[in-house]
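Letters A, B, ... mirror the listed sequences (proteins, then strands); counts begin at 1. Since this is a predicted model, take the numbers as computed values, not measurements.
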Number of protein chains: 2
Amino acid sequence: MAPRKKQAPEPNTTIPVSMADLARELGVSMTTISRALSDHYSIGPAMKQKVLKLAKKYNYQPNRLASALRKGKSQLLGIVVPYIEGRFFPSVVHGIESAASKAGYNVIICQSNEDVAQERRNLDILLSAQVAGVLVSLSRTTRDFRHFEKLRSRGMPLVFFDRIVEGDNVNAVVLDDQEGGYVSTRHLIEQGCRRIAHIAGPQHLNIYKNRRQGYLDALREAGLPEDESLIVYTDMIQSQAIDAMRDLLASPIPPDGVFAAGDYGALGALQEVHRQGLRVPQDVAIAGFSNETFTVVTEPSITTIDQRCEEMGQAAVRLLLELIEADGRPFAPRQVALRPELLVRNSSVRNSSVRNSLVRHPEGERLVEAAAKASKLA
Amino acid sequence: MAPRKKQAPEPNTTIPVSMADLARELGVSMTTISRALSDHYSIGPAMKQKVLKLAKKYNYQPNRLASALRKGKSQLLGIVVPYIEGRFFPSVVHGIESAASKAGYNVIICQSNEDVAQERRNLDILLSAQVAGVLVSLSRTTRDFRHFEKLRSRGMPLVFFDRIVEGDNVNAVVLDDQEGGYVSTRHLIEQGCRRIAHIAGPQHLNIYKNRRQGYLDALREAGLPEDESLIVYTDMIQSQAIDAMRDLLASPIPPDGVFAAGDYGALGALQEVHRQGLRVPQDVAIAGFSNETFTVVTEPSITTIDQRCEEMGQAAVRLLLELIEADGRPFAPRQVALRPELLVRNSSVRNSSVRNSLVRHPEGERLVEAAAKASKLA
DNA sequence: TTGTATGCGTTATCAG
DNA sequence: CTGATAACGCATACAA
């Protein structure tokens, strides 16, 4: 029996209306109703109008569950991210939701909390929910990828973003970190730096490895020596960057520029340079990576790389929709690498004419205002 | 006809298995399968084991769509937020998702982009998706609340958070902003400030109105005069706060403390005080609001109010689940106000002994590390 | 152009 | 304790 409440309903309670109800009211078949509502070709315009009008009158809401059950595909996309915090993932999710909703899809969001087991469970849940496709950014503890095999065997469209399974048989969207390291370093070189240090992150993580490689590429291109003593490996946290910078400044020939593979590294470097009474960017120019919110509020503001978070989300959705539309037909997997954007700010600009024009760093202000807007109600 | 592909399936493609399949294989009825899987009381333990084993063998995944369709309720919660960016909303969503998934629910997330029309559309979509309940933070352009009436008439459980519909006939979770303004100001008073300015936000927004009221409460309690010339109204952005601070410092008796109703206000104040060669906190102590990420990286770090974002999400889910479980039975609406947490940092601590112990501001470091962790892969 | 009939996968009811 | 059956709301193959 239907679980419809037979008991006396609450005072102002409306019971939802179904296609069958509309059909009965109009004295036509459900088929007709269905066709009118889904804008099927074989439907008389007069009939269609009548149906639409009645639907509006009764405030008809299609039941997407029923539709999805029947069609075997819902209008839902699943997202699995390690967590929804910090600057990066929320922005990507923002991009995903926007792109998805524009295409008529909604998103179910799951957090793996950096835990493979939970990642696995999330995938199962999304399968159960009959989502049309899945977007995944890997948990840090994921070393074994069999659970994704399961999705594949079920024919579930799958796109990775940011933290991806390496290889050319997966669909994925990433930032071109190597390019990011390259343009940052080249920028420092263009500003006259000749001895550029690198505050590196953990090299088992691809992003940091690639940023370092980009740094080396730029040095090589400029004919500058690759000096391992100028590279300090850290966990990319502020305190370690401070130590790193202290060591670098204590060396016989201290650096005149620093490319940090993360903004917290750049921040630590900036603080230590200041502490030693040196000037940024005149004595040491600094560039970071990730466009953290704080990079525009430091004194001076920090040059950094924007990771195109929203674009990443959009690109991932685009790819996923293609995959969904392919509907099981052969589809050549694609890996998309987004071009990072160098945001030049005061921590790196030595040319004074350029510098003056940058003092107001408009893109920075935009960022600050956007962030202020984004922070609660402000 | 079922849309099951009749064409030759892809090489390693598995077709999903249903209860009917299991029933056939075991030679029992679907009813039995259903009961075994849903742990119904009237099922033999032997039978149950057999079924569970077979389910595992075939990797059975229940179809939640079918279940929800039949039961008239899904295991989905809907969230409508203005956007997923900045510090606040992502954290709340994080809290919501965690609490929901712990209770066996998943969340569909929708952005209104500060647009009532989209907010309305989102609610319709969520109704269509047959969610079990809805969590809403109002768009800024929402002045008319009839669309929520529709949810109510459908008996859809609804909880507001942060940006709520005022009144005691709604379920809502908010931060106690007045308390926040109060404890911040009292803290400044305890640090010896006797002339405390207030950088206020737009007063048509409740949060800012309430923070201002809390500020006044603290002054009154301490017997300090309420001086309107010490209150500057801004849109809570950095540039306006700089101007505000300049004016305040130019007055005949400049303030020795500033409570800003937002961290961007505190930041601007800090910068202007420094620019004028004054010291923070010795000459002017400063406190902000919202615990933005940058408040721990400024020099000095900024005392602020934590908004309990995650707790807010959790509380909202708790309330919503109660509502869902009440299942239409009379439920007295409840408004929950979370206690804000004062985070004392260097911008406000004048007592040197306390100050030294705070130089490392452990909660700040935790924050920084968490943020670093949260920023991409770091 | 419209109608009839059936099934998607699950669960509730009722009878054994 | 188990089974047969109907129904949730919708979409489609097929007949008219």
Answer yes or no: is there a side-chain heavy-atom contact under 4.5 Å between [X] and [Y]?
X: Arg163(B); Y: Thr142(B); value: no
X: Arg154(B); Y: Ile15(A); value: no
X: Ile108(A); Y: Ile79(A); value: no
X: Asn171(B); Y: Phe331(B); value: yes

Assign each of Asn63(A) and Met47(B) to its nearest nucleotide of DNA chain D by heavy atoms, then name whichever residue's nucleotide is nearer the 5' end.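 The residue mapped nearer the 5' terminus is Met47(B).
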Starting at atom [atom1] of [X], determine the distance to atom [atom2] of [N], rounded to an integer number of angstrom.
X: Met30(B); N: dA12(C); atom1: CE; atom2: P; value: 12 Å
X: Asp21(B); N: dC8(C); atom1: CG; atom2: P; value: 10 Å
X: His40(B); N: dG3(D); atom1: NE2; atom2: C1'; value: 13 Å
X: Lys73(A); N: dA11(D); atom1: NZ; atom2: P; value: 16 Å
X: Gln130(A); N: dC10(D); atom1: CD; atom2: C1'; value: 15 Å
X: Leu37(A); N: dT12(D); atom1: CG; atom2: P; value: 13 Å
X: Lys71(A); N: dG9(C); atom1: NZ; atom2: P; value: 16 Å
X: Arg35(A); N: dA11(D); atom1: CZ; atom2: C1'; value: 10 Å

So what does Leu65(A) hit on the nucleic acid, given a heavy-atom distance under 4.0 Å: a base, only sugar-phosphate, or nothing?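 If one applies the 4.0 Å heavy-atom cut-off, Leu65(A) turns out to touch nothing in the nucleic acid.
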What is the nucleic acid contact for Thr31(A), judged by heavy atoms within less than 4.0 Å: base, sugar-phosphate only, or nothing?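 Thr31(A): base contact, heavy atoms under 4.0 Å.
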Counting side-chain heavy atoms from CB outward, which of dG9(D), dC10(D), dT2(C) is closest to Ile43(A)?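 Taking heavy atoms from C-beta onward, the closest nucleotide is dT2(C).
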Side chain of Ala66(B), heavy atoms from C-beta onward: which of dG9(C), dT12(D), dT2(D) has the nearest atom to it?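 Among the listed nucleotides, the one closest to the side chain of Ala66(B) is dG9(C).
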With rounding to the nearest 0.5 Å, note down the distance linking CD in Gln111(B) to OG in Ser101(A).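 Here the rounded value is 7.5 Å.
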Does [N] have its OP1 or OP2 closer than 4.0 Å to a side-chain nitrogen or oxygen of [X]?
X: Ser18(B); N: dG9(C); value: no
X: Tyr41(B); N: dT2(D); value: no
X: Ser29(A); N: dT4(C); value: no
X: Thr32(B); N: dG3(D); value: yes
X: Ser42(B); N: dC1(D); value: no

Residue met sooner reading DNA chain C from 5', once Gly44(A) and Tyr60(B) are mapped to nucleotides: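 Closer to the 5' end of DNA chain C: Gly44(A).
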Does the base of dT10(C) carry an N or O that pairs as donor and acceptor with the side chain of Arg70(B) under 3.5 Å?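 Flag unset: no donor-acceptor pair detected.
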